[in-house]
Amino acid sequence: MGNYFNPDIETAPREYLRAIQSARLIRMVRNCYDNVAFYKQKFDDIGLQPGDIKSIDDIVKLPFTMKQDLRDNYPFGLFAVPKEKLVRIHASSGTTGKQTVVGYTQGDVERWSEGSARAIVAAGGTKSDFIHVSYGYGLFTGGLGLHYGAEMLGATVIPVSSGNTARQVQILKDFGSNILCCTPSYAMFIGETLREMGIDPNTLALRAGIFGAEPWSENMRREIEKSLAIKAYDIYGLSEIAGPGVSYECEEQTGLHVCEDFFYPEIIDPETLEPVPDGVYGELVFTCIGKEALPLVRYRTRDISAVTHEPCSCGRTLVKMMKPRGRTDDMLIIRGVNVFPSQVEHVILSLGMEPNYQIVVERVNNLDVMTVNIEMSDSMFSDSVRRIEETERKICNALQSTLGVSASVHLSEPHSLPRSEGKAVRVIDKRKL
Ligand code: DLL
């Protein structure tokens, strides 16, 4: 049994949670119908009256919302409150199309902050800790999300933001940061910089890391834990729903507990749009039952995950979602075969390579060609050319048998691939350029 930020909710009996969810869904649907023209139209189109929603079980009667709906109503068209009730705007840049703009009332910021506060406590954080926030500050929700969570807990925030990695290391060392918050790829980079600066991670006060904003594998977790001498926890979220802290890992690390009193999760089959049972992977959908400014109904995240209601040894009763495996729109189609970048990462890391890689896809003579560039460690770099070629062949064969499609593998010099200070860019699809 661990510590909780809000034990009344985090360990609540399921019936109690369902009662909260039902009451909040009813209120939210009314808010959407009365205050968001887009939803009034959508509900009218299918003949749905707010009164038809009587409990959380009725959620399946509601229509889905897509990212395109936010874009079509750019920037503030889906907001349910007048400007004087807003206290914050964030936006996510996205790689394609217009940015997505989100807004918060004071209450929304508090509920969102609570998600991050719960995550920090679940990662062993206390009021006495120094929380080193290296997620970017600004329109991205990562920096301010963890910042407000740490303050709500009463811990001490060090708002470093991302970048200037040598300075990050200096601060970790001199200030005695206890918990590091950043993307997993940046955590790797910080670990590498620590090594280069000749600092033994065991001499730091750092105990844990709260890493998210991009998919990362169990192998990557082990790499980070080794290079920083910490325990690494996952945190998930997206700006459309709130930001970081929509779900978070506890010490058991078998899934991320969802703050389902604020953000109600469903998993659907992305083809049929029907809900799937516990344990089955599908597309994650959230309904913001605890949001005032931007109450999205059944928002299709495109993230691939599964949920489980199995009891957790940490004592939390909140449903758990599995570590997201990637996104439905991340999927590459290589000569007709579906390939997820996370599968490539899994193969590379399970063969003992370090997680510095990039996937390049091109079309050569009308044929898709995938090349995986992987950086060698310093010790591997001093191997003979023959050994290096053997390793390339081994990775090539493993990729072929896992993915069902061939890829060429190129091992490059140490430090030859770009490092990420935020979300890593793992795929360069030149077919789209
Ligand atoms: O990335 C919010 C966040 C900040 C989460 C800091 C965690 C920590 P967006 O920029 O809107 O918001 O991107 C959201 O990032 O739909 C997922 O595809 C991906 N993502 C976020 N967390 C995870 C995670 C923030 N733990 C999108 N594992 C989401 C895998 C993640 N993917």
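Whatever order the structure lists them in is the order used to number ligands and atoms, beginning at 1. We use all heavy atoms of the structure for the numbers below, so side chains are in, but hydrogens, waters and symmetry mates are not. Everything quoted here is computed from the prediction, not taken from an experiment.
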Are the charged groups of D45 and K42 less than 4.0 angstrom apart, N to O? no
Assess whether a salt bridge exists between R111 and D261, defined as any Lys/Arg side-chain N lying under 4.0 Å from an Asp/Glu carboxylate O. no
Could you check whether atom NZ of K231 has more than 12 heavy atoms from other residues, nucleotides or ligands sitting under 6.0 Å from it? yes
Please determine if R325 forms a cation-pi arrangement with Y281, meaning its NZ or CZ atom is less than 6.0 Å from the six-membered ring centre and no more than 45° off the ring axis. yes
Ring-ring centroid check F140 H90, cutoff 6.0 Å: no
At a heavy-atom distance under 4.0 Å, which protein residues reach ligand 1? Sort them by chain and number, would you? S92, Y135, F140, T141, G142, G212, A213, E214, P215, D234, I235, Y236, G237, L238, S239, E240, P244, D303, P324, R327, K423
When rounded to the nearest 0.5 angstrom, what distance separates CE in M220 from CD in E214? 6.0 Å
